[in-house]
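Contents: one structure, followed by commentary.
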Amino acid sequence: MRHGQLLPPYDSYEKLSLSELEGLASGSLDPDVDQGFVRHGLKEMDEWRTSIKDSQVVLCGQARRAQQTCSLMMEWAGIDLSPMVDHRINEIAFSPIALCGDSTEVPLSVLRKRLDDAIETGHAGVEKRGSIIARVQDVLEEYKGKRILCVSHGFLMKFIMAHLHTEFGFSLPESCAPSAAAPVPYLGMLRIEAG
């Protein structure tokens, strides 16, 4: 699951400067989630409550927004487990400023495209494809056979979904397809049933 929407002025990544996006990406800027927005979003996802409540492991990234969303989700679903903060599900490591050069303003869609390309080409300052896959596979191997609730970030989730689609033929909602220009929605979820 992707973390919930952030409080203003960080509630729209499209409106943020490259330096603010850099802060979010690096973790030096770590704003709170909009708890009212998250609670409203969870009400809209009631059909997921039973499935989420059955989680055997709860993981969240190190960012405050992931941890706060995780806490709200556990409360909503009635999960009585201790969440584990796990660096392996942190956002993809990258520098928006390095990807955009001297530009002061770059549309978020362009930044997303540059990040996707940089992951594949091994651009300096961007986490490599193999590293991302290795850390996700490490989590899956550690908790093999368990139902995992994972609260993370949009770029990482989109990468995971594209990888599952390409490597294993998983069907994805159109909004989450590798070619989709839009980000994974806040509170966007992907349920994977492994055999």
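All values derive from a computational prediction rather than experimental measurement. What's counted below: heavy atoms across the whole structure, side chains too, no hydrogens, waters or symmetry copies.
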For this session: Determine the minimum heavy-atom distance between Gln67 and Cys60, stating which atoms define it.
Result: CG-SG, 3.6 Å
Problem set entry | Heavy-atom side-chain proximity of Leu140 to Arg88 below 4.5 angstrom | no
For this session: Could you tell me whether Arg112 and Asp116 make a salt bridge, using a distance below 4.0 angstrom between a side-chain N and a carboxylate O?
Result: no
For this session: Check each of Leu7, Leu72, Asp11 against Val33 using the side-chain contact (heavy atoms from CB on, under 4.5 Å) test, and report the only one that passes.
Result: Leu72
For this session: Evaluate the criterion side chain to side chain contact (heavy atoms under 4.5 Å, CB included) for residue pair Leu24 and Tyr13; output intermediate values, then yes/no.
Result: CA-CA 10 Å; Leu24 288 173; Tyr13 290 174; 3.7 Å; yes
Problem set entry | Validation row: Pro9, Lys15 side chains within 4.5 angstrom (heavy atoms) | no
Problem set entry | Verdict with supporting geometry, Val126 and Thr121, side chain to side chain contact (heavy atoms under 4.5 Å, CB included) | CA-CA 10 Å; Val126 176; Thr121 62; over 6 Å; no
Problem set entry | Atom pair CD1 (Ile132) and CG (Asn90), whose distance is rounded to the nearest 0.5 Å | 12.0 Å
Exercise. If you round to the nearest 0.5 Å, how far is OG1 of Thr69 from CG of Leu6?
Worked result: 8.0 Å
Problem set entry | Gly78 backbone acceptor or donor facing Lys53 side chain under 3.5 Å | yes
For this session: Identify the heavy atoms of Glu14 and Leu108 that sit nearest to each other, and give their distance.
Result: OE2-CB, 3.3 Å
For this session: Please indicate whether Asp46 has more than 12 foreign heavy atoms, meaning atoms of other residues, nucleotides or ligands, lying under 6.0 Å from its CG.
Result: yes
For this session: Report the C-alpha distance between His153 and Arg65 in whole Å, list the side-chain angles of each, state the deciding distance to 0.1 Å, and finish with yes or no for side chain to side chain contact (heavy atoms under 4.5 Å, CB included).
Result: CA-CA 9 Å; His153 301 271; Arg65 56 195 179 270; 3.6 Å; yes
For this session: Considering non-hydrogen atoms only, spot the tightest contact between Arg147 and Ser51 and give its length.
Result: NH2-OG, 3.7 Å
For this session: Test Trp76 against Arg49 for side chain to side chain contact (heavy atoms under 4.5 Å, CB included), laying out the working first.
Result: CA-CA 8 Å; Trp76 165 79; Arg49 189 187 308 245; 2.9 Å; yes
Exercise. So, for Gly145 and Gln56, which heavy atoms are closest and what is the spacing to 0.1 Å?
Worked result: O-OE1, 3.9 Å
For this session: Could you tell me whether the side chains of Ser95 and Glu22 share a donor-acceptor contact shorter than 3.5 Å?
Result: yes
Exercise. Does one hydrophobic cluster hold both Val58 and Val85, with members joined at side-chain heavy-atom distances below 4.5 Å?
Worked result: no
For this session: Hey, can you tell me if Phe94 and Phe155 have their rings parallel, tilted or perpendicular (30° and 60° cut-offs)?
Result: perpendicular
Seminar exercise, completed: d(Met1 CE, Ser152 OG) to nearest 0.5 Å is 11.5 Å
Exercise. Heavy-atom distance under 4.5 Å between the side chains of His3 and Glu91, does that happen here?
Worked result: no
Problem set entry | Reported OG-to-CE distance for the pair Ser82 and Met74, which is rounded to 0.5 angstrom | 7.0 Å
Exercise. In chain order, what residues pass the side-chain contact (heavy atoms from CB on, under 4.5 Å) check against Arg129, with sequence neighbours excluded?
Worked result: Ile119, Glu120, Ile133, Phe159, His163
Exercise. With a 3.5 Å cut-off and no angle check, do the side chains of Asp34 and Gln5 form a donor-acceptor pair?
Worked result: no
Problem set entry | Nearest non-hydrogen partners of Ile89 and Leu156, listed with the distance | O-CD2, 3.4 Å
Exercise. Is any side-chain heavy atom of Lys113 less than 4.5 Å from a side-chain heavy atom of Ser109?
Worked result: no
